[in-house]
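All values below come from the heavy atoms of this structure, side chains included, with hydrogens, waters and symmetry mates left out. Keep in mind it's a predicted model, so treat the numbers as computed, not measured. Within every chain, numbering begins at 1; the chains are lettered A, B, ... in the order of the sequence lines, protein sequences first and strands thereafter.
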Number of protein chains: 2
Amino acid sequence: MTKRALPPVVARMWGRDTGSRHGPRPSLDLARIIDAAIGIADREGLAGVRMSSVAAQVGMATMSLYRYVGSKDELLTVMADAATPEPPTLDGRPWRVYLAAWTQANRDFLVDRPWLLSLAHHTPPTGPRTLRWLDRALTALAPTELDLGQRINIASTLTGYATTQATLSHSMITAAAATATATTSAAGDGSITGLADYGDILDQVLDPEDYPELTAAVRSHAFGTAEKWIDDADFTFGLDLLLDGIETLITRRG
Amino acid sequence: MTKRALPPVVARMWGRDTGSRHGPRPSLDLARIIDAAIGIADREGLAGVRMSSVAAQVGMATMSLYRYVGSKDELLTVMADAATPEPPTLDGRPWRVYLAAWTQANRDFLVDRPWLLSLAHHTPPTGPRTLRWLDRALTALAPTELDLGQRINIASTLTGYATTQATLSHSMITAAAATATATTSAAGDGSITGLADYGDILDQVLDPEDYPELTAAVRSHAFGTAEKWIDDADFTFGLDLLLDGIETLITRRG
DNA sequence: AGGTACAGCGTACGAGATACAGAGTACCGG
DNA sequence: CCGGTACTCTGTATCTCGTACGCTGTACCT
């Protein structure tokens, strides 16, 4: 009736396999393929994940993978969920303490596997792992009397924050590395200049008239070095901003 | 000395062209190419942006584009900045009012051009447009006595929030559409069932034992329909959370 | 006037995803 | 116990794209 067929990707993520047992038994399971793909992504980045490379990793022919996944996109989607760890356990902690840990853990695994950032946009959360994160956040907020809509919003906001921070530190590091590379080929002398700061680039490019405050920020080294962006201080600073906002909301309503 | 060559992409974004005038004059400028590419992305999405399609659009041969951009990646990077509008003008508004408008405008243009979301991760902000957004936020916060590091953090957090919200509504809409498509081919009857709700999918898949709060949320229709995710109410709710947090910080310090 | 650096472009190649078809295999019903 | 059939695995072929290379002509320089 109202029950419609699930999108194939979703079905596979939840192990809803229509197992009409006939013919030869499959020699692998989806899990092994996913593990192989994740391993490659960890080692070489998303670009290294080709149908051929994954197949080679599990010892099959390229086309055999299509018995297990409908397309490369589908593989990536399933990978993304599988690569997400379990959320921290609640252990009766108060919401603020738990959500701080939750958000931090969220950022941490994104920093560990930056390739997850590139997959985030394509799919809404429909995998078991991702949804468990959401469920735990809702649970932590259950005692607060906030309605479910608000709780969902809070969870999304915090995930967003984690993602943003992870993206930021990742792109800073990447940029620094890329600049270092590009710089190498610049002039007659072949000396490698090391990691160029993001601030350096901005400084060369900004017109102080047009970007007054930003110029000041660059000049005062507010961007710091690449390492600054992995530092926890900045992260918790912003996180506290958010948690303060949530706390304001809760007390206002209590 | 300390002055190093800029990465080529960055140089081009700022119009630093090494103009050694010799030979035939270029028959186009980079701007026209970028406009064409943006037009295609708006119409067909990022997937429609091929070197060949862009070239066709401006009436040139594919390979001619490489006189203007170093690679497709470079084109995409430059596109992303060019497609970003100017930030709202400050007009002497207090920081909270301005930043609310700023964040909303930020989200709005991401919703207008969802393909910008897919490009956000690859590059740190180094384009004139993107940096102007940052500068304006810093300017709005100038009267607050916060130091530049904190102001930068606040700006990043708000951009992140805008991005998250835009991503969310976009992926919800996409998911609904995709489900509708996938559903069509399901059973014997060929009737198209229309847009399936995100909640519907979750409901079919969740085990109430494992996802207690989430199940409750789905059952109480807290996810609403696809339209809900474009609604401003949710957006401003979360935004106020953030702004409250920032306000707390400011008063605490003042 | 003639040289040279640079614009535009046709062709060719290589990577990577996937359609298709053939060959073998294990469970089915009889 | 046997043919049939659905399903597995795989090799080959194709199609789409990005981009290296080299040719041709042109306009500015001296």
Contact residues, residues 27-59 of chain A to DNA chain D [heavy atom, < 4.0 Å]: A:Ser27
Listed partners of B:Trp115 passing side chain to side chain donor-acceptor pair (under 3.5 Å), at least two apart: B:Asp42
Any residue of residues 67-78 of chain B with a heavy atom less than 4.0 Å from an atom of DNA chain C: B:Arg67, B:Tyr68
Please list, pair by pair, any protein nitrogen or oxygen found under 3.5 Å from a nitrogen or oxygen in nucleotides 11-15 of chain D.
none

Shorter than 3.5 Å, N or O on both sides, protein versus nucleotides 24-30 of chain C: list them out with atom names.
{"residue": "C:dC27", "atom": "OP1", "partner": "A:Arg25", "partner atom": "NH2", "Å": "2.5"}

Of all pairs that satisfy salt bridge (Lys or Arg N to Asp or Glu O under 4.0 Å), the ones with a partner from residues 165-174 of chain B, not counting sequence neighbours: none
Which residues share a ring pair (Phe, Tyr, Trp, His ring centres under 6.0 Å) with B:Tyr66, sequence neighbours left out: none
Residue pairs passing the salt bridge (Lys or Arg N to Asp or Glu O under 4.0 Å) test where at least one lies in residues 68-87 of chain A, sequence neighbours excluded: A:Arg12-A:Glu74, A:Glu86-A:Arg129, A:Glu86-A:Arg132
Main-chain N/O of B:Leu214 paired to A:Asp135 side chain as donor or acceptor, under 3.5 Å: yes
Rounded interatomic separation in angstrom, taking OH from B:Tyr66 and P from D:dG22: 17 Å
Taking every non-hydrogen atom, the tightest pair across B:Trp133 and B:Trp102: O-NE1, 3.1 Å
B:Asp29: partners by salt bridge (charged side-chain N to carboxylate O under 4.0 Å, His left out), with sequence neighbours left out: none
Residues that B:Tyr68 engages under ring pair (Phe, Tyr, Trp, His ring centres under 6.0 Å), provided they are two or more places apart: none
Check: B:Thr164 side chain, B:Gly160 main-chain N or O, donor-acceptor pair, under 3.5 Å: yes
Whether A:Ser53 side chain and A:Gly48 backbone form a donor-acceptor pair below 3.5 Å: yes
All side chain to side chain donor-acceptor pair (under 3.5 Å) counterparts of B:Arg67, not counting sequence neighbours: none
Set of residues satisfying salt bridge (charged side-chain N to carboxylate O under 4.0 Å, His left out) with respect to A:Arg32, sequence neighbours excluded: none
